Asker: 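Here you go, one structure.
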There are 2 protein chains.
Amino acid sequence: MELDERKKKILQAVIRNYLETGEPVGSRTISKYTDLNLSSATIRNEMADLEEMGYILQPHTSAGRIPSDKGYRLYVDTMMEEKERKVVEMEEMLLERQDKMETLLKQVAKVLAQNTQYATMISAPQSRGAKLKFIQLSRVDAHQLLAVIVGEGNVIKNNILNVEEELTDETLLKLNILLNTQLNGLTIGEINLAMIAYLKQQAGIHGDIVGEVLDAVAESIRDEEDLEIYTSGTNNIFRYPELADHHKASELINAFEEKQLLGELLQDSRSDKENTGIQVYIGEESSVQSMRDCSIVTATYELGGGMKGTIGIVGPKRMDYEKVVGTLRTIQSQLDEMYRGDKE
Amino acid sequence: MELDERKKKILQAVIRNYLETGEPVGSRTISKYTDLNLSSATIRNEMADLEEMGYILQPHTSAGRIPSDKGYRLYVDTMMEEKERKVVEMEEMLLERQDKMETLLKQVAKVLAQNTQYATMISAPQSRGAKLKFIQLSRVDAHQLLAVIVGEGNVIKNNILNVEEELTDETLLKLNILLNTQLNGLTIGEINLAMIAYLKQQAGIHGDIVGEVLDAVAESIRDEEDLEIYTSGTNNIFRYPELADHHKASELINAFEEKQLLGELLQDSRSDKENTGIQVYIGEESSVQSMRDCSIVTATYELGGGMKGTIGIVGPKRMDYEKVVGTLRTIQSQLDEMYRGDKE
DNA sequence: TATTAGCACTCCCTTTTGTTGAGTGCTAAT
DNA sequence: ATTAGCACTCAACAAAAGGGAGTGCTAATA
């Protein structure tokens with residue numbers, strides 16, 4: 001059977017209506033709602049075909065139809081009309097420039113949740129892409145060093161290193177010079193074991209102690225793969241009855257709290273990107289079990305210099321895809337603008 | 001009417017039973033459950049008295065009794081038998097010593113949630129109580145300085161300072177020496193405006209630029225009053241039907257996400273402390289509206305040197321107070337031990 | 001005088017039974 | 001190919017009925 005133009009129109013009407021109301025859509029509704037001027041009986045026949053083709057389904061006999069995952073997919077891929085979305089309160093947020101990445105991201109998540117009424121998450125840009133700008137070891141205690149590492153975009157990492165032997169001031173100074181001259185300009189991801197081995201060799205005479213410190217520095221640079229994620233609006237899931245029953249809600253909230261799975265999700269969505277950097281997962285398309293009744297829209301953002309992070313929006317399958325995608329586009333460009341603003 | 005020994009026993013029995021089952025407790029149950037050897041009829045009379053006195057109440061005629069807030073209060077104050085609680089997985093956690101405060105606190109929250117099956121929160125110790133150990137300004141960029149401030153217990157703060165004029169290496173070095181000699185040993189809370197004014201005076205000749213930097217340093221030291229809070233086990237609230245309906249759950253989850261109110265709550269509970277540092281808020285006793293159907297148990301912990309934080313556990317009013325208080329005590333002493341372990 | 005057995009009564013909870021209405025599929029007419 | 005008409009289905013709501021746990025009261029008992 002072929003999906004002709006009329007069937008498409010009817011499918012689209014069913015989906016649009018269902019997105020709005022959340023109620024199964026009947027033939028009579030469609031007959032009036034569209035400009036097709038067809039009787040409900042005709043629509044019924046068409047809808048039976050659409051069901052057979054797998055685009056819509058009946059929750060039970062004698063109910064209207066709701067879109068299936070396949071139906072949503074078709075809609076998202078070919079029938080949706082994106083439009084830029086005004087993002088409320090975004091300007092304010094941008095006015096007070098955030099020097100702290102953390103604050104900025106938390107705010108983005110919050111604004112997004114308020115605008116869309118869905119649950120949102122945002123992953124901090126991986127620092128491994130950022131170039132090293134400055135590194136410094138300072139003595140804090142007899143056996144403790146503080147390593148401060150500053151990357152492009154002023155991403156700061158601290159680490160307390162425990163060292164067995166005491167270092168002289170001179171050694172420390174030399175180490176600092178060595179580290180800065182050798183590592184400056186490299187991205188954090190580039191500082192690997194080979195690099196460190198080379199550094200150790202450079203350090204030469206100081207041998208053990210320096211080696212120990214360098215190892216610790218290397219570890220603290222690469223270590224922090226924990227991938228921070230900020231979430232907001234989790235309680236929005238209660239707005240959608242299809243997600244709000246105890247079991248599902250509990251699972252979802254847990255996923256949002258644990259953040260482990262979210263991390264993987266956002267990670268995945270970054271790798272296989274399309275040209276636009278926006279991706280939609282409908283129902284079981286995402287790997288997260290507890291979100292099998294949800295749709296997830298993710299967007300990759302960039303703060304310049306390879307600092308890429310991902311934003312995710314989680315809602316019911318009948319989420320307002322147009323609005324969400326539109327909003328995400330706006331945010332993407334706002335963040336981009338913000339970065340360029342930073343540079344000038 | 002007097003609350004004699006027998007009435008107390010009955011009240012205790014009612015509460016104990018209700019804590020377990022969550023169902024209103026009838027006279028027949030008590031008659032069998034206790035060793036009082038009284039018939040249900042006698043118990044009924046006594047229960048009528050207890051109700052008149054306000055310790056228990058009937059959800060509706062012909063139902064059993066449930067404890068009132070006043071009843072719970074009496075129970076918590078005089079009838080509860082605390083016992084130390086083994087905290088599962090706590091040892092493991094302590095074995096891998098955490099140098100990062102953040103990780104430690106997150107873990108404590110998690111372990112606590114798993115052990116108690118309630119929602120938990122923990123506030124990071126206020127850094128204002130910590131003594132300054134080390135402070136350093138470094139040039140990151142032509143117009144950007146990085147201030148690193150290390151307090152006792154290796155609490156680290158970073159801040160990027162923007163400066164108008166460029167500083168010479170010499171000035172920077174002098175500033176560092178000045179800051180370290182003058183501020184070392186003071187608590188972060190003690191570094192106030194007067195102190196800074198004095199420093200400015202000391203700096204003397206350098207005038208403006210130094211003043212600017214000092215102001216920025218002062219700000220970054222005292223600024224961070226945001227009071228970080230980590231939560232865990234929010235979804236545990238779904239275990240308790242009396243909290244799990246959409247409206248209440250949504251409000252609660254929101255409170256846990258916003259963290260604003262939690263902060264005030266934990267803050268309050270620290271100020272008016274009893275000798276033990278553990279406090280119980282039953283129902284409306286806490287100021288947080290969305291938690292009027294909950295009980296909250298808070299405990300103050302100390303990591304030495306005035307570094308005090310607060311732990312909170314939120315559950316239904318019929319929470320297992322004995323277990324919760326016991327568990328908190330255990331955690332308190334474990335954290336204490338941990339700090340002492342750090343010192344030796 | 002304190003306790004208890006007995007009993008009528010209350011009220012929630014669950015199940016049952018109707019009733020309604022939106023929606024369908026099919027058939028026959030257009 | 002489209003549509004009017006009709007019988008049928010089934011969720012959702014409401015009213016009715018039954019069951020049961022628990023109470024308060026009264027009168028008997030130790």
Side-chain angles (χ1 to χ4, degrees), chain A residues 1-11 13-15 17-18 20-68 71 241-242 244-245, chain B residues 1-11 13-15 17-18 20-68 71 241-242 244-245:
Chain A
M1 198 170 338
E2 204 210 347
L3 190 67
D4 58 18
E5 206 50 43
R6 196 171 72 175
K7 283 193 173 55
K8 270 191 194 170
K9 271 203 162 168
I10 292 171
L11 177 56
V14 170
I15 295 180
N17 198 286
Y18 185 69
E20 270 179 39
T21 64
E23 300 282 300
V25 186
S27 53
R28 227 180 100 78
T29 313
I30 300 295
S31 154
K32 285 186 295 184
Y33 184 70
T34 60
D35 50 357
L36 291 167
N37 274 1
L38 292 173
S39 78
S40 61
T42 314
I43 304 288
R44 272 202 288 286
N45 289 329
E46 293 288 54
M47 275 165 67
D49 289 355
L50 282 170
E51 180 166 9
E52 201 179 329
M53 288 189 270
Y55 291 108
I56 54 181
L57 42 85
Q58 263 181 310
H60 56 83
T61 0
S62 90
R65 304 305 213 290
I66 63 175
S68 68
E242 60 264 53
D245 76 282
Chain B
M1 199 170 337
E2 205 211 346
L3 189 66
D4 58 18
E5 207 49 43
R6 196 171 73 176
K7 283 193 171 57
K8 270 192 192 169
K9 272 201 161 171
I10 291 171
L11 177 56
V14 169
I15 296 179
N17 198 286
Y18 185 69
E20 270 178 39
T21 63
E23 300 281 300
V25 186
S27 53
R28 226 179 99 77
T29 313
I30 300 294
S31 154
K32 284 186 295 183
Y33 184 70
T34 59
D35 50 356
L36 291 168
N37 274 359
L38 291 173
S39 78
S40 61
T42 313
I43 304 289
R44 273 202 288 287
N45 289 328
E46 294 288 54
M47 276 164 68
D49 290 354
L50 282 169
E51 181 165 10
E52 201 179 328
M53 287 188 270
Y55 292 109
I56 55 181
L57 43 84
Q58 263 181 312
H60 56 84
T61 1
S62 89
R65 305 306 213 290
I66 64 175
S68 68
E242 60 263 53
D245 77 284

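Keep in mind that this is a model prediction, so the values were computed, not measured. Side chains are part of it too, since the values below use all heavy atoms of this structure and drop only hydrogens, waters and symmetry mates. Here is the naming used below: chain letters follow the sequence lines, and residue numbers restart at 1 for every chain.
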Asker: State the CD-NZ distance between A:E5 and A:K9, to the nearest 0.5 angstrom.
Answerer: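 Reported value, rounded in 0.5 Å steps: 7.0 Å.
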Asker: Side chain to side chain contact (heavy atoms under 4.5 Å, CB included) between A:L38 and A:R6: does it pass, once the steps are laid out?
Answerer: CA-CA 10 Å; A:L38 292 173; A:R6 196 171 72 175; 3.6 Å; yes
Asker: List the atom of A:E46, the atom of A:K7, and the distance in Å for their closest heavy-atom pair.
Answerer: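 In this case the closest contact between A:E46 and A:K7 is OE1-NZ, 3.1 Å.
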Asker: Think A:S27 has a side-chain N or O under 4.0 angstrom from the OP1 or OP2 of C:dT24?
Answerer: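 Looking at the OP1 and OP2 atoms of C:dT24, one of them is under 4.0 Å from a side-chain N or O of A:S27.
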Asker: Answer yes or no: is there a side-chain heavy-atom contact under 4.5 Å between B:V25 and B:I30?
Answerer: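 SC-SC contact between B:V25 and B:I30 confirmed.
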Asker: Atom CZ of B:R28 to atom C1' of C:dT4: distance rounded to whole Å?
Answerer: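 Value for this atom pair: 14 Å.
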Asker: Please list, by residue number, the residues of residues 44-59 of chain B whose heavy atoms come closer than 4.0 Å to an atom of DNA chain D; answer none if no residue qualifies.
Answerer: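 Going residue by residue through residues 44-59 of chain B, the ones with a heavy atom under 4.0 Å of DNA chain D turn out to be B:R44, B:M47, B:Q58.
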Asker: Write down the atom of A:S27, the atom of A:R44, and the distance for their closest heavy-atom approach.
Answerer: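 For A:S27 versus A:R44, the nearest heavy atoms are OG-NH1, 3.1 Å.
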Asker: Any side-chain heavy-atom pair from B:L50 and B:R65 closer than 4.5 angstrom?
Answerer: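 Answer no - side chains too far apart.
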Asker: Under 4.0 Å between any heavy atoms, over every strand shown, what does A:T42 touch: base, sugar-phosphate, or nothing? Just pick one.
Answerer: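 Here A:T42 touches the bases of the nucleic acid.
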Asker: Rounded to the nearest 0.5 Å, what separates atom CD in B:E52 from atom CG in B:D49?
Answerer: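 So the CD of B:E52 and the CG of B:D49 are separated by 6.5 Å.
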Asker: Whether B:S39 contacts C:dT3 is assessed here as follows: a side-chain N or O lying under 4.0 Å from the phosphate OP1 or OP2. Is that the case?
Answerer: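 For C:dT3, OP1/OP2 do not have a side-chain N/O of B:S39 under 4.0 Å.
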Asker: Ignoring backbone atoms, establish whether A:T61 has a side-chain N or O less than 4.0 Å from OP1 or OP2 of C:dT24.
Answerer: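 For C:dT24, OP1/OP2 do not have a side-chain N/O of A:T61 under 4.0 Å.
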Asker: What is the distance, to the nearest angstrom, from the NZ atom on A:K7 to the C1' atom on D:dT2?
Answerer: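 Value for this atom pair: 14 Å.
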Asker: Within this structure, what is the CD1-to-C1' distance between B:I66 and D:dA21, rounded to whole angstrom?
Answerer: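 In whole Å, D:dA21 C1' and B:I66 CD1 are 16 Å from each other.
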Asker: Would you check if B:Y55 and B:L3 make a side-chain contact, meaning some heavy-atom pair closer than 4.5 Å?
Answerer: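 Yes, side chains in contact.
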Asker: Name the one of B:I43, B:N17, B:T34 that satisfies side-chain contact (heavy atoms from CB on, under 4.5 Å) with B:T29?
Answerer: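 Of the listed residues B:I43, B:N17, B:T34, the side-chain contact (heavy atoms from CB on, under 4.5 Å) partner of B:T29 is B:N17.
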Asker: Name all stems that contain residues of DNA chain C, defined as runs of 3 or more consecutive Watson-Crick or G-U wobble pairs, both distances under 3.5 Å.
Answerer: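 Detected stem regions: C:1-30 with D:1-30.
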Asker: Does D:dT23 have its OP1 or OP2 closer than 4.0 Å to a side-chain nitrogen or oxygen of B:R65?
Answerer: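 B:R65 to D:dT23 OP1/OP2: side-chain N or O found under 4.0 Å.
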Asker: Tell me what A:S40 touches on the nucleic acid: a base, only sugar-phosphate, or nothing, going by heavy atoms under 4.0 Å.
Answerer: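 The residue A:S40 makes no contact with any strand.
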Asker: To the nearest Å, give me how far apart CG (B:L38) and P (D:dA30) are.
Answerer: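 Those two atoms, CG and P, are 17 Å apart.
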Asker: Give the rounded distance in Å between these two atoms: CG of B:N37 and C1' of C:dT4.
Answerer: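 Atom-to-atom, B:N37 to C:dT4, this comes out as 13 Å.
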Asker: Can you measure A:I30 atom CD1 to C:dG23 atom P for me and round it to whole angstrom units?
Answerer: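 After rounding, the gap between these two atoms is 10 Å.
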Asker: Between the side-chain atoms of A:S62 and the base atoms of D:dT9, is any donor-acceptor pair under 3.5 Å?
Answerer: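 Check passes, donor-acceptor contact within cut-off.
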Asker: Return the value, rounded to whole Å, for the distance between atom NE2 of B:H60 and atom C1' of D:dG24.
Answerer: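 Result: 16 Å.
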Asker: Of the options D:dG22, D:dA4, D:dC10, whose atoms approach the side-chain atoms of B:T29 most closely?
Answerer: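 For B:T29, the side-chain atoms sit closest to D:dG22.
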Asker: Quick one: pull up NZ in A:K32 and CG in A:N37 and give me the separation to the nearest 0.5 Å.
Answerer: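 Interatomic distance, A:K32 NZ to A:N37 CG, rounded to 0.5 Å: 13.5 Å.
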